[in-house]
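Single-structure report; data block below.
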Amino acid sequence: MPLDFVATKALFHLPEGVIYLDGNSLGPMPKSAPARMQRALQEWSDLLIRGWNAAGWMDMPRRVGDRVGRLIGAEPGQVVMGDTLSIKVYQALASAIEMNPDRRVILSDTGNFPSDLYMAQGLCRTLGPDYRLKTVAPEQVEDAIDPSVAVVMITEVDYRTGRRHDMTALSARAHEQGALIAWDLAHSAGALPVEVARSGADFAVGCSYKYLNSGPGGPAFIYVAPRHADTARPALSGWLGHEAPFAFDPDYRPGAGIERMRVGTPPILQLAALEAALDVWDGVSLSDLRAASLELSDRFIAGVEAACPDLTLVTPREHVRRGSQVAFAHPEGYAIMQALIARGVIGDFRAPDILRFGLTPLYIGAAEIDGAIAILAEIMATRAWDREEFRRRNRVT
Ligand SMILES: *Cc1c(COP(=O)(O)O)cnc(C)c1O
C-alpha cells in the first residue's frame with residue numbers, strides 16, 4: 001500500500017510558499033506538538049515536582065525509546081532517549097572500547113560527521129597515548145577492519161553525499177575480526193527501514209530532530225544489543241543510570257540493561273514534542289516510506305540533471321547505496337543555496353561545495369519536487385545566485 005502522503009502531510013505545519021527539503025537537518029513541526037507540549041507545561045504548573053511520578057516523566061526516556069526502537073528494528077527495552085547525539089556517540093564508544101581491552105584503535109571513515117570524529121579523538125586523548133582514531137575512505141572501511149581495531153564507528157548514511165554503508169556486511173566483518181561496531185543512525189532513523197538488531201550492531205545511536213521531527217535540540221537515542229546491555233559499563237555514569245538513583249548511594253552501580261545508559265535529568269518538554277512527532281509514524285510502513293523516498297529522489301535527480309548541467313551529482317545512483325537525501329556539487333554551491341532559500345526552496349549547504357536536499361515523503365511529494373527543480377533550473381539559467389548578498393556566509397549553513 002503506498003504511503004498516504006495527503007494524510008501525513010496534513011499532520012505537519014509547513015509555512016506557505018516554502019518547499020522544505022531540509023527535514024534531514026531539522027524536521028518540521030508536527031501540528032500536534034504545541035498541544036502535547038502545552039499538556040506537559042500544564043503538568044509542570046499543576047503538579048510541580050509531583051509530575052515526575054504522577055505524570056510519568058521519569059519513565060519517558062524508556063517509553064519514548066521503545067517507540068523509536070520500533071522504527072529502527074529494536075525490541076522494547078533496548079533503546080533509551082537522552083542527551084545529544086555527540087554525547088551518545090561518546091558513551092557508546094567508551095563502553096565498547098572497554099569491552100575490547102587489548103586493542104587501541106577506533107576505526108571510522110573520512111565521510112563521517114565531524115562531531116563523531118571529534119568525540120572519538122577526545123576519548124582517545126582521555127584514554128592515553130596508545131589510543132588512536134584511524135579514518136579511511138568510505139570504500140575502504142571493510143578492508144581496514146583488522147585485528148588491531150577495537151571498535152568500528154560508522155554513520156550508515158553519509159551526511160553530505162547520502163552514500164549508505166551495508167550495516168549487516170560491516171557488522172559481520174567487524175565481529176569476524178574481533179572488533180565491536182557502533183552505528184550512527186542520524187540520517188537513517190525515520191529515513192529508511194533499519195534492522196538494528198538483525199544487522200548485528202553492538203551499539204547504535206542517533207538523533208530525533210532530523211527525520212523524526214522532535215524539534216531543535218530534541219534528545220538523542222542509544223541502542224545496546226541485549227547481549228551487552230547488562231555488562232556494558234557506561235563511561236558517563238550519571239545518577240539516573242544508577243541501579244537505585246534515589247538511594248543516593250555515594251558509589252556508582254549501573255542500572256539494569258538499557259537504563260544504565262541514562263545520564264541525568266531528561267528533557268521533558270522536548271520528549272513531549274517527540275511523543276507528538278512519533279504519533280505521525282504510528283500508521284506508517286517504513287517500506288512504503290522507502291519506496292516513496294526512492295521515487296522522489298530519482299525524480300529529483302533526473303529533473304536536475306536534465307535542467308542543470310553544471311551541477312554534479314555526488315549521491316550514488318544505486319538505490320541500496322543511498323539514504324534519503326540527494327546532493328550535488330558546484331563551486332558556487334553556497335551562493336546557489338542562498339538564492340534557492342530566497343525563493344522558498346530550503347535545502348542546505350555543506351562545505352566545501354555541496355548542495356544538499358533531504359527527501360522526506362511524509363510531507364514532500366512529486367509536486368514539491370517538480371517545483372524545486374523548476375526554481376533551481378531558473379536560478380542556474382539566469383545566474384540569479386551571482387550576487388554579493390548570496391555569498392555572505394551565515395553562522396549556520
Ligand atoms: C546531526 C549529526 C550529529 C549532531 O550531533 P548533536 O550532538 O545532536 O549536535 C552527530 N553525528 C551525526 C552523524 C549527525 O548527522
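Index from 1, following the sequence. Atoms within each ligand, like the ligands themselves, are counted from 1 in listed order. Just so it is clear, the values below take in all heavy atoms, side chains as well, and ignore hydrogens, waters and symmetry mates.
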Item to check | Contact check, side chains of Asp202 and Met99, non-hydrogen atoms, under 4.5 Å | outcome: no
Checklist entry - Asp249: what forms a side-chain contact (heavy atoms from CB on, under 4.5 Å) with it, not counting sequence neighbours? => result His242, Asp251, Arg253
Item to check | salt bridge (Lys or Arg N to Asp or Glu O under 4.0 Å) evaluation trace for Asp310 with Arg383 | outcome: CA-CA 11 Å; Asp310 295 343; Arg383 292 179 67 89; over 6 Å; no
Checklist entry - For ligand 1, which atoms, with element, lie under 4.0 Å from some heavy atom of Thr155? => result 13 (C)
Checklist entry - Taking distance alone, with no angle check, do His187 and ligand 1 share an N/O pair under 3.5 Å? => result yes
Item to check | Protein heavy atom at shortest distance from atom 11 (N) of ligand 1 | outcome: Asp116 OD1, 2.6 Å
Checklist entry - Can an N or O of Tyr209 be found at a distance shorter than 3.5 Å from an N or O of ligand 1? => result yes
Next on the checklist: Using a 4.0 Å cutoff against the non-hydrogen atoms of Asp184, which atoms of ligand 1 qualify?
Outcome noted: 11 (N), 12 (C), 13 (C)
Checklist entry - Which class fits the ring pair Phe357 and Phe328: parallel under 30°, tilted 30 to 60°, perpendicular over 60°? => result perpendicular
Checklist entry - When you measure from the side chain of Arg350 to the backbone N and O of Tyr159, does any donor-acceptor pair fall under 3.5 Å? => result no
Checklist entry - So which protein heavy atom does atom 7 (O) of ligand 1 come closest to, and at what separation? => result Ser86 OG, 2.7 Å
Checklist outcome for this item: Checking heavy atoms under 4.0 Å, the part of Ala186 that sits near ligand 1 is side chain
Item to check | Residue selection (non-hydrogen contact nearest atom 14 (C) of ligand 1) among Met119, Arg160, Lys210 | outcome: Lys210
Checklist entry - Within the side chain of Arg104, is there an N or O that forms a donor-acceptor pair under 3.5 Å with the backbone of Pro101? => result yes
